[in-house]
Protein chains: 2
Amino acid sequence: MKLTQRKIYSILKQHGYKLTPQRRAVVQVVTSSSDHLTPNDIYEKICDIYPGTGLVTIYRTLEILAELGLICEVHSGGNCRSYTMGSQQHHHHLICSGCGIVVDFTSHYLNSLEKNLSEESGFRIDGHLLEFIGLCRKCQAVP
Amino acid sequence: MKLTQRKIYSILKQHGYKLTPQRRAVVQVVTSSSDHLTPNDIYEKICDIYPGTGLVTIYRTLEILAELGLICEVHSGGNCRSYTMGSQQHHHHLICSGCGIVVDFTSHYLNSLEKNLSEESGFRIDGHLLEFIGLCRKCQAVP
DNA sequence: GTAGGTGCAAATCGTTTGCAGTACA
DNA sequence: TGTACTGCAAACGATTTGCACCTAC
């Protein structure tokens with residue numbers, strides 16, 4: 001299930017958030033890229049769409065989108081966070097530390113692991129974060 | 001293979017690094033804790049061992065140790081990095097969003113998942129990050 | 001003796017917050 | 001109209017850098 005811009009707009013509205021041009025711009029940028037984007041990447045791209053938008057607004061919008069599960073946060077090793085489109089289907093990331101490319105994958109392993117853990121620990125598990133870091137085929141070739 | 005302090009010292013020497021008391025102190029702190037430590041955690045612990053050591057030196061020492069693969073960097077979601085002894089015994093965290101308690105666990109699921117992923121994607125996988133977020137038994141009881 | 005290591009302070013980077021003005025519903 | 005949203009600037013915390021002094025080898 002892929003989230004269209006329209007769908008995101010309506011979800012935002014449903015939750016009582018106003019639809020400002022800045023928010024539209026952020027949504028547009030995020031949905032139109034399959035890469036993971038740092039707030040700064042988004043900021044730069046937004047200069048073309050809706051100039052004058054502040055970086056602060058982008059941070060605040062990303063926070064909302066992440067909270068609603070419309071995008072997901074990626075911790076790609078470095079010191080800055082980045083975001084990528086979230087299909088509502090739970091997925092995980094395989095990140096290349098060389099070029100930064102992100103490969104999504106899903107795994108049924110996690111479901112059973114989560115169930116076991118929950119039973120053993122008594123936790124009510126709400127979510128998880130799984131990321132693999134490595135080098136993609138291309139970057140392995142380049143020294 | 002478990003890394004002793006002595007072994008780490010000799011590896012440092014082999015690579016042309018000098019053995020200063022500050023570096024010894026960092027190694028001592030890191031090897032004597034099985035937890036994940038932020039540079040600041042280490043800084044505080046070092047006050048007892050070798051007071052006067054600067055936070056800067058800790059950063060620089062950690063960088064060296066990480067580069068030599070003697071410790072490994074952990075990105076526990078938040079905005080600050082932390083380090084842990086690099087044993088090949090990978091473990092993961094189950095974190096309560098209520099009280100913040102952290103439960104460690106290991107999983108053999110991950111090994112097979114990593115292997116599959118590596119084969120399918122062509123990535124050389126160097127590490128991973130797995131965290132579950134939820135509510136522990138106690139926090140579920142308290143509204 | 002010398003190159004490498006240290007500590008301080010200041011710079012830097014990513015992110016957050018306070019606040020006054022603005023615009024969506 | 002009123003509340004939520006925006007943008008600026010300044011605050012903030014983690015990390016890095018410049019530089020003069022120090023110390024392990």
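All values below were derived from every heavy atom in this structure, side-chain atoms included, with hydrogens, water molecules and symmetry-related copies excluded. Protein chains get the first letters and strands the later ones, always in sequence-line order, with residue 1 at the start of each.
Within the nucleic acid shown, Arg23(B) comes within 4.0 Å of sugar-phosphate atoms alone, with no base atom in reach, counting heavy atoms only. Among the atoms of the strands shown, none is found under 4.0 Å from any heavy atom of Gly16(A).
Across the protein-nucleic acid pair, Leu62(A) atom CG and dT6(D) atom C1' stand 15 Å apart, rounded to whole Å. Atom OH of Tyr17(A) is separated from atom C1' of dA23(C) by 18 Å (rounded to the nearest Å). Whole-Å rounding puts the Tyr50(A) OH to dC5(D) P distance at 15 Å. Computed from coordinates, the Ile58(B) CD1 to dT15(D) P distance equals 12 Å when rounded to whole Å. Rounded to whole Å, atom P of dA4(D) lies 12 Å from atom CD1 of Ile64(A). Residue Tyr43(A) contributes atom OH, which lies 15 Å from atom C1' of dC13(C) at whole-angstrom precision. Across the protein-nucleic acid pair, Leu12(B) atom CG and dG4(C) atom C1' stand 14 Å apart, rounded to whole Å. Counting to the nearest Å, the P atom of dC5(D) and the CD atom of Glu63(A) are 12 Å from each other.
Comparing dC25(D), dC8(D), dA9(C) against the side chain of Leu19(B) picks out dC25(D) as the nearest. Here the side chain of Lys13(B) is nearest to one of dC25(D), dG18(D), dT17(C), namely dC25(D).
For Arg60(A) against dG7(D), a side-chain-to-base donor-acceptor contact under 3.5 Å is present. Counting distance only, with no hydrogens placed and no angle test, the side-chain atoms of Lys18(A) and the base atoms of dA23(C) include no donor-acceptor pair under 3.5 Å.
Residue Thr20(A) has no polar side-chain atom (N or O) positioned under 4.0 Å from OP1 or OP2 of dA23(C). Taking side-chain N and O atoms only, Tyr59(A) has a distance below 4.0 Å to OP1 or OP2 of dT15(C). Contact annotation: Gln22(A) reaches the phosphate of dG7(D) (side-chain N/O to OP1 or OP2, under 4.0 Å). Between dG7(D) and Thr57(A), a contact under 4.0 Å exists linking OP1 or OP2 to a side-chain N or O.
Taking the ring centre of Tyr9(B) as origin, the terminal cationic atom of Arg24(B) falls inside the region bounded by 6.0 Å and 45° from the ring axis.
Between the OG1 atom of Thr61(A) and the CZ atom of Arg23(A) there is a distance of 5.5 Å, given to the nearest 0.5 Å.
Nearer to the 5' terminus of DNA chain D, by closest-nucleotide assignment, is the contact made by Leu55(B) (compared with the other of Arg24(B) and Leu55(B)). If you find the closest nucleotide of DNA chain C to Asn40(A) and to Pro21(A), the one lying nearer the 5' end belongs to Asn40(A).
Closest approach of Ile58(A) and Tyr43(A) over heavy atoms only: CD1-CA, 3.4 Å. Of all non-hydrogen atoms in Ile49(B) and Ala25(B), the two that sit nearest each other are CG2-CB, 4.0 Å.
The closest donor-acceptor contact from the side chain of Ser32(B) to the backbone of Gln28(B) lies under 3.5 Å.
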